[in-house]
Amino acid sequence: MPEVELRRVGKRFGKVVASSNINLRIKDGEYVTILGPSGCGKTTLIRMIAGILEPSEGEIFIGGRSMKGMPIEERDVGYVFQNIALFPHLSVLENVSYGPIVKDMSEDMREEVPRHYLQLVKLLDRMKMFPSELSGGEKQKVALARALASGAKLLLLDEPLSALDARVRMDLRYELRRIAKDLGLTVLHVTHDQEEAMTVSDRIVLMRNGRIIESNTPEMLYKSPQELFTANFIGETNLLDGTVVKNDGTHTAIELRDGTVVQARPSPFGPGDAVVISVRPERVHALKEGLSAVVRDITFMGTYIRLTAEADSEDTLEFDIPVSRGRDYNLRDHVYLGWSMNSALVYRLPPEGVVEAVKLE
Ligand code: ATP
């Protein structure tokens with residue numbers, strides 16, 4: 001059973017700390033994505049699990065067995081690299097047959113298994129072609145079919161959809177998850193694309209600077225992020241800083257820079273504490289009273305209209321309105337903005353400041 005466990009895993013390249021104190025358990029059959037900004041250590045992490053890199057410290061277990069010193073070919077993982085590495089001198093069918101041959105499957109299986117997975121990624125009609133004759137997206141699908149045909153129950157995918165254009169990427173996302181669930185695979189999928197992570201995963205592990213910031217279901221990470229970095233990274237949000245004036249256990253009242261008092265979810269903070277509030281643009285509404293602001297920008301987004309307003313508190317707030325109400329607003333309109341108490345999450349104001357705390361590096 002390919003449960004994966006990382007215990008206090010770290011990796012250094014000279015002075016660069018690519019991973020630090022990673023503790024992570026991926027359950028058998030779970031689909032987990034590692035999400036985070038470029039350079040945060042996602043590829044390093046998946047390469048250590050694959051056996052391409054040895055951790056500098058800590059230990060990795062697959063199916064309860066320590067992987068210390070175990071080479072990639074003995075780990076029984078299906079691995080799709082960031083830069084697709086198909087054998088250029090082999091046809092599509094031969095590429096996908098590689099696993100079944102190396103695994104010494106029976107003649108029948110060597111015939112049947114590669115065709116089955118090529119059918120699954122809808123490339124059976126391209127089986128005689130060579131990688132140089134395929135598009136980037138087709139190559140990624142072949143790489144995926146090859147990983148699946150290896151029969152490995154643990155699939156490690158490093159940006160497996162990056163070479164595809166938006167439409168195909170969307171289709172293949174759903175297919176990937178469906179295949180993984182149908183076959184009962186354990187999947188670790190690396191991506192920097194949060195929409196991709198939201199749609200395929202049972203659980204997202206968010207990384208920054210070589211560390212795990214937070215891990216949860218896509219819905220919980222979006223609705224109730226524990227960390228300010230998460231609130232800003234997953235989806236879009238407005239961040240406003242202020243000082244707690246009241247906390248009675250049912251809500252937190254916070255005074256913004258212009259003296260306006262706004263309401264937010266209950267929090268562990270008390271009067272005088274410096275905090276940051278996070279409110280998603282779709283949760284902010286123009287009301288009869290509230291935070292005084294002036295509309296500075298109006299953008300048509302297709303399914304909604306995004307307004308950008310400058311508040312008297314000098315905060316910039318974005319809020320969304322239905323397309324049908326687009327004519328109700330003009331540039332320089334004065335509005336009062338507000339939200340329901342539960343839509344506003346409260347975080348401690350980080351000592352390094354909000355900008356630094358949410359920076360993508
Ligand atoms: P991306 O999304 O851009 O692929 P990533 O999150 O996968 O980034 P990694 O490739 O794991 O990040 O890199 C993490 C850090 O380790 C980076 O600072 C990178 O420069 C460094 N690093 C990675 N591999 C090596 C290496 N072989 N030698 C030196 N530094 C490395």
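In this text the structure is predicted, and so the values were computed from the model without any measurement. All ligand and atom numbering here is 1-based and tracks the order in the structure.
Taking a cutoff of 4.0 Å between a charged side-chain nitrogen and a carboxylate oxygen, E138 and K141 do not qualify as a salt bridge. Note on E195 versus R173: salt bridge recorded, some NZ/NE/NH1/NH2 to OD/OE distance being below 4.0 Å. A salt bridge is defined here as a Lys NZ or Arg NE, NH1 or NH2 lying under 4.0 Å from an Asp or Glu carboxylate O, and R208 with E227 fails to meet this definition.
For atom 19 (C) of ligand 1, no protein heavy-atom neighbour is present inside the 4.0 Å cut-off. For atom 2 (O) of ligand 1, a protein non-hydrogen atom is found at a distance below 4.0 Å.
Close N/O approach between A18 and ligand 1 is not found [any backbone or side-chain N/O within under 3.5 Å]. Polar contact check, G39 against ligand 1: a nitrogen or oxygen pair lies under 3.5 Å apart. Between T43 and ligand 1, at least one pair of N/O atoms sits closer than 3.5 Å. Considering backbone and side-chain N/O atoms, C40 comes within less than 3.5 Å of an N/O atom of ligand 1. Below 3.5 Å of separation, one finds an N or O of S38 facing an N or O of ligand 1.
R146 places a side-chain heavy atom less than 4.5 Å from the side chain of L86. Taking the side chain as every heavy atom from C-beta outward, Y336 and S292 approach each other to under 4.5 Å.
Among protein heavy atoms, atom 12 (O) of ligand 1 sits closest to G41 N, 3.2 Å. With respect to atom 21 (C) of ligand 1, the closest heavy atom belonging to the protein is V16 CG1, 3.9 Å. Here the protein heavy atom with the shortest distance to atom 13 (O) of ligand 1 is T44 OG1, 3.8 Å. Residue, atom and distance of the protein heavy atom nearest to atom 4 (O) of ligand 1 are Q82 NE2, 3.3 Å. Among protein heavy atoms, atom 27 (N) of ligand 1 sits closest to F13 CE2, 3.6 Å.
From F269, atom CZ reaches atom OH of Y347 across 9.5 Å, with rounding to the nearest 0.5 Å.
When each of K181, H189, R177 is checked for a side-chain hydrogen bond (donor to acceptor under 3.5 Å, both in side chains) with Y31, only H189 meets the rule.
L185 and F61 are not part of a single hydrophobic cluster, where members link through side-chain heavy atoms under 4.5 Å apart.
Side-chain atoms of S340 and N342 form no donor-acceptor pair, as typed in the model, at a separation below 3.5 Å.
Heavy atoms from both the backbone and the side chain of K42 come within less than 4.0 Å of ligand 1.
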